[in-house]
Amino acid sequence: MTFDERILGLALLLFGILVAWHSQAIPSVPGATFGPSLMPTIVGLLMAGCGLSIFIGGVRAADGGPLVDVSVWRGQRRGLACAVWAISGVLVGILFMPILGFPLFGVLYALPLMLLMRARPLPAAIISLVVVLVAYFAFKRLLYVPLPSGPLTLLG
């Protein structure tokens with residue numbers, strides 16, 4: 001599936017504006033010169049700028065073709081399954097990550113995705129476990145992001 005650059009640019013532009021707008025709602029820290037909303041605002045504005053650049057490039061290169069082309073997906077069931085798994089896994093994760101916890105959900109999400117992408121089972125299991133645990137401890141211990149541990153409370 002291919003999207004015209006005008007659609008992608010417009011989506012990135014709107015998402016960047018949305019990020020910058022909503023980051024203003026982050027409460028400031030008393031006594032700090034720069035508040036916690038500064039970085040998300042900068043990132044949102046940069047995303048909006050990149051989106052505008054992509055949109056303008058798409059308008060200049062427009063050849064009258066379709067905005068969305070799904071012909072490349074014909075006969076590609078595995079690729080479609082990977083895309084559906086990746087997108088639906090994020091949506092399911094919003095619901096079940098507080099219950100299962102990040103480490104368990106991460107492995108249950110990454111391992112089948114790797115197997116769908118034709119990875120060998122043993123390396124896929126090892127890599128998904130190592131990547132999820134490294135990400136969990138990096139966010140939990142180094143960045144102090146309160147990720148849910150779920151039933152694996154010994155990791156918390």
Side-chain angles (χ1 to χ4, degrees), residues 1-73 76 78-98 100-114 116-117 119 124 127-150 155-156:
M1 176 183 300
T2 58
F3 290 96
D4 190 276
E5 288 182 357
R6 294 172 286 179
I7 292 176
L8 297 176
L10 186 62
L12 187 59
L13 171 67
L14 294 175
F15 186 67
I17 291 170
L18 185 71
V19 167
W21 177 271
H22 281 286
S23 66
Q24 299 307 306
I26 300 172
S28 61
V29 176
T33 307
F34 302 108
S37 66
L38 177 65
M39 207 55 204
T41 302
I42 291 172
V43 170
L45 293 175
L46 288 173
M47 286 171 51
C50 290
L52 182 63
S53 174
I54 292 170
F55 178 77
I56 290 171
V59 168
R60 288 183 182 160
D63 59 355
L67 292 177
V68 179
D69 182 16
V70 295
S71 64
V72 295
W73 284 91
Q76 300 293 329
R78 184 177 302 273
L80 184 59
C82 290
V84 168
W85 183 267
I87 294 169
S88 62
V90 171
L91 298 176
V92 169
I94 293 170
L95 298 173
F96 289 106
M97 195 175 308
L100 294 175
F102 182 84
L104 186 57
F105 178 79
V107 171
L108 292 175
Y109 173 72
L111 180 59
L113 182 59
M114 292 174 75
L116 273 173
M117 298 165 107
I127 290 170
S128 64
L129 184 64
V130 168
V131 167
V132 166
L133 288 177
V134 166
Y136 177 73
F137 285 114
F139 277 94
K140 187 104 174 169
R141 302 285 184 216
L142 299 175
L143 301 173
Y144 300 108
V145 175
L147 292 175
S149 299
L155 295 176

Cut-off 3.5 Å, no hydrogens considered: what does the side-chain donor-acceptor table look like for residues 85-96, sequence neighbours left out?
from: Trp85; atom 1: NE1; to: Tyr109; atom 2: O; distance (Å): 3.0
from: Ser88; atom 1: OG; to: Val84; atom 2: O; distance (Å): 2.6

Atom pairs and distances, side-chain donor-acceptor, residues 38-50, under 3.5 Å, sequence neighbours left out:
from: Thr41; atom 1: OG1; to: Ser23; atom 2: OG; distance (Å): 2.7
from: Thr41; atom 1: OG1; to: Gln24; atom 2: NE2; distance (Å): 2.6
from: Thr41; atom 1: OG1; to: Ser37; atom 2: O; distance (Å): 2.6

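Arg78 places a side-chain N or O within donor-acceptor distance of the main-chain N or O of Leu116, the cut-off being under 3.5 Å.
Of all heavy-atom pairs spanning Leu12 and Gly51, the tightest one is CD2-N, 3.7 Å. Contact record, Phe102 with Val132: CE2-O, 3.7 Å, taken as the closest heavy-atom pair. Taking each heavy atom of Pro36 and Ser28 in turn, the nearest pair found is CD-CA, 3.9 Å.
Of the inter-residue distances, the one linking Leu52 atom CG with Leu14 atom CG reads 11.0 Å to the nearest 0.5 angstrom. The structure places CG of Leu111 at 10.5 Å from CD1 of Ile127, a figure rounded to the nearest 0.5 Å. For the atom pair CG (Leu10) and CD (Glu5), the distance works out to 13.0 Å, reported to the nearest 0.5 Å. For the atom pair CG (Leu8) and CZ (Phe55), the distance works out to 11.5 Å, reported to the nearest 0.5 Å.
Scored by the side chain to side chain contact (heavy atoms under 4.5 Å, CB included) test, Leu142 finds Ala138 as partners (sequence neighbours excluded). Residues passing the side chain to side chain contact (heavy atoms under 4.5 Å, CB included) test with Ala119 are Met114, Ala124, sequence neighbours excluded. In terms of the side chain to side chain contact (heavy atoms under 4.5 Å, CB included) criterion, residue partners of Val130 (sequence neighbours excluded) are, by chain and number, Ile126, Val134.
Residue pairs satisfying the salt bridge (charged side-chain N to carboxylate O under 4.0 Å, His left out) criterion with at least one member in residues 6-24, sequence neighbours excluded, are listed as follows: Asp4-Arg6.
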